[in-house]
Amino acid sequence: MDANQRSALVSWLAFTATFAAVRGITYSIRAGRGPFRNLSVGAAHLHHYMWGIGMIAGVGAVAVRGSEQQRRHPAVAVSYGSGLALIVDEFALLLDLKDVYWAKQGRISVDLGVGGSALAGSYFAALPVLRAIRGARARGETRP
């Protein structure tokens with residue numbers, strides 16, 4: 001894999017792992033099990049999309065001001081994928097501007113997260129086949 005493909009793969013893996021972990025943590029919080037609890041400041045609940053927005057903003061800052069070496073660092077790809085997962089997990093909340101996380105409308109977030117993971121995973125799984133087809137066409141072959 002070249003550096004761009006490696007970054008995309010690391011980002012996808014971070015997205016998938018973070019999305020799965022967040023779903024597990026939020027279900028354990030709702031069930032009242034495990035060490036995790038909701039984080040609030042006063043009466044205001046701090047939703048995890050806020051941390052995702054912060055991570056994506058940090059990635060943007062590196063993209064705008066960072067050196068090439070900094071932009072290609074695996075931490076940037078991990079931060080992007082993880083931050084995006086935190087946002088997508090609460091996408092229904094952002095879409096409706098209401099806390100619908102556990103309502104039927106909250107299913108949008110789950111569908112987007114699973115669908116995004118599936119599409120990205122399919123892309124990475126298909127890369128070897130796509131490269132073989134591209135190589136065969138470049139060589140003038142009709143079949144890879």
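Owing to the predicted nature of the structure, the values given are computational and were not obtained by experimental measurement.
Tracing side-chain contacts under 4.5 Å through hydrophobic residues (I, L, V, M, F, W, Y), one never reaches Val22 starting from Phe36; they form parts of separate clusters. When the side chains of ILVMFWY residues are joined at heavy-atom separations under 4.5 Å, either directly or via intervening members, Met55 and Val62 end up in a single hydrophobic cluster.
In terms of the side-chain contact (heavy atoms from CB on, under 4.5 Å) criterion, residue partners of Leu46 (sequence neighbours excluded) are, by chain and number, Leu39, Val41, Met50, Trp51. For Asp2, the side chain to side chain donor-acceptor pair (under 3.5 Å) test picks out no residue, with sequence neighbours left out. With sequence neighbours excluded, no residue forms a side chain to side chain donor-acceptor pair (under 3.5 Å) with Ser11. Shown here are the side chain to side chain donor-acceptor pair (under 3.5 Å) partners of Gln69, two or more places apart in sequence or in another chain: there are none. Residues passing the side chain to side chain donor-acceptor pair (under 3.5 Å) test with Arg71 are Glu68, sequence neighbours excluded.
The number of heavy-atom neighbours closer than 6.0 Å to CZ of Arg131, taken from other residues, nucleotides and ligands shown, is above 12.
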For residues 75-88, which side-chain N or O atoms pair as donor and acceptor with protein atoms under 3.5 Å away, sequence neighbours left out?
from	atom 1	to	atom 2	distance (Å)
Ser79	OG	Ala75	O	2.8
Ser82	OG	Thr18	OG1	2.9
Ser82	OG	Val78	O	3.0

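One finds the CG atom of Asn38 at 9.5 Å from the OG1 atom of Thr26 (value rounded to the nearest 0.5 Å). To the nearest 0.5 Å, the span separating CD on Gln5 from OH on Tyr123 amounts to 5.5 Å. Between the NE2 atom of His47 and the OG atom of Ser40 there is a distance of 8.5 Å, given to the nearest 0.5 Å.
In this structure a side-chain-to-backbone donor-acceptor pair under 3.5 Å is missing from Arg33 to Arg30. Between the side chain of Ser67 and the backbone N or O of Gln70 there is at least one donor-acceptor pair closer than 3.5 Å. Side chain of Thr16 to backbone of Leu13: no donor-acceptor contact under 3.5 angstrom is found. Checking side-chain atoms of Arg65 against main-chain N and O of Ala61 turns up no donor-acceptor pair under 3.5 Å.
Taking all atoms of both residues into account, the shortest heavy-atom contact from His48 to Glu90 is N-OE1, 3.1 Å.
The side-chain heavy atoms of Phe19 and Asp89, taken from C-beta on, include a pair separated by under 4.5 Å.
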